[in-house]
There are 2 protein chains.
Amino acid sequence: MLIAVDLVILTLRQSVLRVLLVERGEEPYRGALALPGGFLAHAEESIQAAATRELAEETGLDVSGLHLEQLGVYDEPGRDPRGRVVSVAYLAIAPQLPDPVAGTDAADAAWRPVDQFLDARCDLAFDHKRIVTDGVERARSKLEHSALATAFCDAVFSIADLQEVYEAVWGMPLDPRNFARKVRTTEGFIAPAGQARATAGRPARLFAAGPNKTLYPPMVRPPRPPTLKELQ
Amino acid sequence: MLIAVDLVILTLRQSVLRVLLVERGEEPYRGALALPGGFLAHAEESIQAAATRELAEETGLDVSGLHLEQLGVYDEPGRDPRGRVVSVAYLAIAPQLPDPVAGTDAADAAWRPVDQFLDARCDLAFDHKRIVTDGVERARSKLEHSALATAFCDAVFSIADLQEVYEAVWGMPLDPRNFARKVRTTEGFIAPAGQARATAGRPARLFAAGPNKTLYPPMVRPPRPPTLKELQ
DNA sequence: GGAATAGTGTCTTTTAGACAGTATTTG
DNA sequence: CAAATACTGTCTAAAAGACACTATTCC
């Protein structure tokens, strides 16, 4: 019985929610896109340890600050043509990483917009499309009642940065004024962090993640796109 | 590498949230309370199939209508003194079952109030206390934005029945008038189902589970007990 | 001053919380 | 009628949605 670990690593690049995918260099599914991951390194390795190890290998970063949580087990018969493989999927959230994914052991790794996989446009190896879908839905849901959105941001961020996260993950535009009021009045969500930075226009005030991990009242996601007049 | 399935089967009995536990007849943890479950029946059995099979064996019921969802993987090193056992936990929700749990293959099976395990009063075999805690927290959370509460009820139920579910799972009293208004105005949550039944007092109107699985707006759980004047 | 971005304020609608009263059944 | 249970209504407070305006920086 083989046990594998698959990683759904989500990040924001150019205001678009993206997932890290690698091009498979071997059969089965040679040339197809797949989630990074691999088998347990040895029989005694814990699954969580394997997930952390793979995450470090794939992102080439210090992984201690990254959000990593278990997504679920996937073992539908026939999901792997090589035989019975039980895969444990993990969801990782990363702030914007340096452009080249350094230190990757997979040949071609790239950040792909998740939209391509939520509808039927592109397919992935194995059942990885379903795993990506589940991972995105988990992220969407957790943005409602947890402070997960701050895991997409750097240590300090502006309210506009945070709104970008919500808009990209939920896939809908939000009103900046109501959004700012909401996050500022949700206790323990964000905490002031120093002064403004320098850009064109008024400098934004910066914040850091607050002490609370669960939000009350929650950020309620509208069931449908609120108004279909996006940017004019 | 051994793979096991553990079941957190929750139900309501005497207005108390309970979990099905068995007394272990063998080492390790002989005599201790544990979750029902077991190893895969054969190498080709899928984990989901094993969970369904165990659920049928333990409850002795037609399992087709019961809610069953994956909870997570537990494989902390040392969780099982026999060696490396990877356990996949499932959460099952059952309406009130016939009093004796018929057809059970475990020696002594009983419905225990979950309160005993959420604080430090009683312990369980292996890491089953953590699994129960995670299962209850999953149920509490899903009651907020999904129609899971109807899975605790029979096919038809009164609003008071539904309120009993929320009070037992969340562990806090709710106002009957506001609760009724809330569930009646949440579209697709419950649908009228025929007429009243016979008891002492005015007969209650009956409902069935509505078409919607996700609730909007959600049932928001107060962060703390709302008023500490329970029943006088 | 003008462009660009950040932030605050106000009005309205919706939803939640607190509470008192009315309705329908059984005995 | 009394007791028991089910249901409806009203007032208030909180939160969300929909807007228009002011503020600070760079050029």
Side-chain angles (χ1 to χ4, degrees), chain A residues 15 143-145 153 156-164 166-167 170 172-190 192-207 215-232, chain B residues 15 143-145 153 156-164 166-167 170 172-190 192-207 215-232:
Chain A
S15 303
L143 249 53
E144 295 197 62
H145 51 267
C153 299
V156 294
F157 50 86
S158 69
I159 291 189
D161 294 334
L162 194 62
Q163 179 175 343
E164 225 178 281
Y166 274 89
E167 291 185 330
W170 283 353
M172 58 178 68
L174 300 173
D175 183 278
R177 303 163 292 216
N178 294 334
F179 181 84
R181 178 186 57 191
K182 173 65 177 164
V183 297
R184 271 190 286 102
T185 60
T186 299
E187 197 177 355
F189 190 7
I190 58 176
Q195 247 310 11
R197 66 184 173 184
T199 58
R202 177 176 174 174
R205 280 193 287 178
L206 297 182
F207 298 86
L215 306 179
Y216 183 83
M219 308 277 299
V220 178
R221 161 171 52 151
R224 317 241 167 260
T227 51
L228 282 186
K229 30 178 173 176
E230 314 219 345
L231 50 151
Q232 31 172 319
Chain B
S15 303
L143 249 53
E144 296 197 61
H145 50 268
C153 301
V156 294
F157 50 87
S158 70
I159 292 190
D161 294 334
L162 195 61
Q163 179 175 343
E164 224 178 282
Y166 274 89
E167 291 186 329
W170 283 354
M172 57 179 67
L174 300 172
D175 183 279
R177 301 163 293 215
N178 294 335
F179 181 84
R181 178 186 57 191
K182 174 63 178 164
V183 297
R184 270 190 285 104
T185 60
T186 300
E187 196 176 353
F189 190 6
I190 57 175
Q195 247 311 11
R197 67 184 171 185
T199 57
R202 176 175 174 175
R205 280 192 287 179
L206 297 182
F207 298 85
L215 307 179
Y216 183 83
M219 308 279 297
V220 177
R221 161 172 53 149
R224 316 238 168 262
T227 53
L228 282 186
K229 29 177 174 178
E230 314 219 344
L231 50 151
Q232 32 172 322

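By convention in this document, chain letters (A, B, ...) are assigned in the order of the sequence lines, proteins followed by strands, and residues within each chain are numbered from 1.
- B:L174 has its CG atom 16 Å from the C1' atom of C:dC19, to the nearest Å.
- The nearest heavy atom of DNA chain D to A:T185 and to B:P176 marks one nucleotide each, and the one closer to the 5' end goes with B:P176.
- What separates CG of B:D161 from P of D:dC7 is a distance of 10 Å, to the nearest Å.
- For B:R184, a side-chain nitrogen or oxygen approaches OP1 or OP2 of D:dT8 to under 4.0 Å.
- Summarising the geometry, the separation between OH on B:Y166 and P on C:dA16 is reported as 12 Å, rounded to the nearest angstrom.
- No side-chain heavy atom of A:K182 sits under 4.5 Å from any side-chain heavy atom of A:Y166.
- When the nucleotides C:dC19, C:dA16, D:dA18 are ranked by their closest atom to the side chain of B:P217, C:dA16 comes out on top.
- The side-chain heavy atoms of B:L162 and B:F189, taken from C-beta on, include a pair separated by under 4.5 Å.
- Comparing A:A180 and B:N178 by the nucleotide of DNA chain C that holds the closest heavy atom to each, the one mapping nearer the 5' end is A:A180.
- The CD-P distance, from A:E144 to D:dA16, rounds to 12 Å in whole Å.
- For A:F179 and C:dT8, the CZ to P distance is 14 Å, given to the nearest whole Å.
- Look at CG on A:L215: it is 14 Å from P on D:dA15, rounded to the nearest Å.
- Here the closest heavy-atom approach between residue B:S15 and residue B:E164 is recorded as OG-OE2, 2.9 Å.
- In this structure, A:M219 and A:A200 both approach DNA chain D, and ranking their closest nucleotides by distance from the 5' end singles out A:M219.
- Distances shorter than 4.0 Å separate none of the side-chain N or O atoms of B:R205 from OP1 or OP2 on C:dA23.
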Enumerate the protein-to-nucleotides 21-24 of chain D contacts in which both atoms are nitrogen or oxygen and the separation is below 3.5 Å.
residue, atom, partner, partner atom, Å
D:dA23, N3, A:R202, NH1, 3.4
D:dT24, O2, A:R202, N, 3.3

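- For the pair B:R181 CZ and D:dA6 C1', the computed distance is 17 Å after rounding to whole Å.
- Using a 4.5 Å cut-off on side-chain heavy atoms (C-beta onward), B:R205 and B:I159 make no contact.
- Residue A:A204 has its side chain nearest to C:dA6 when only C:dA18, D:dA15, C:dA6 are considered.
- To the nearest angstrom, C1' of C:dT13 lies 15 Å from CG of A:D175.
- Here the closest non-hydrogen pair linking B:R221 and A:Y216 is O-CE1, 3.7 Å.
- Distances from the side chain of A:K182 to the nucleotides C:dT8, D:dA15, D:dC19 place D:dA15 closest.
- For the pair B:A193 and B:F207, the tightest heavy-atom approach, listed with the atom from each and the gap, is CB-C, 3.7 Å.
- For B:Q163, the side chain to side chain contact (heavy atoms under 4.5 Å, CB included) criterion is met by B:E167, B:L174, B:P176, B:F179, not counting sequence neighbours.
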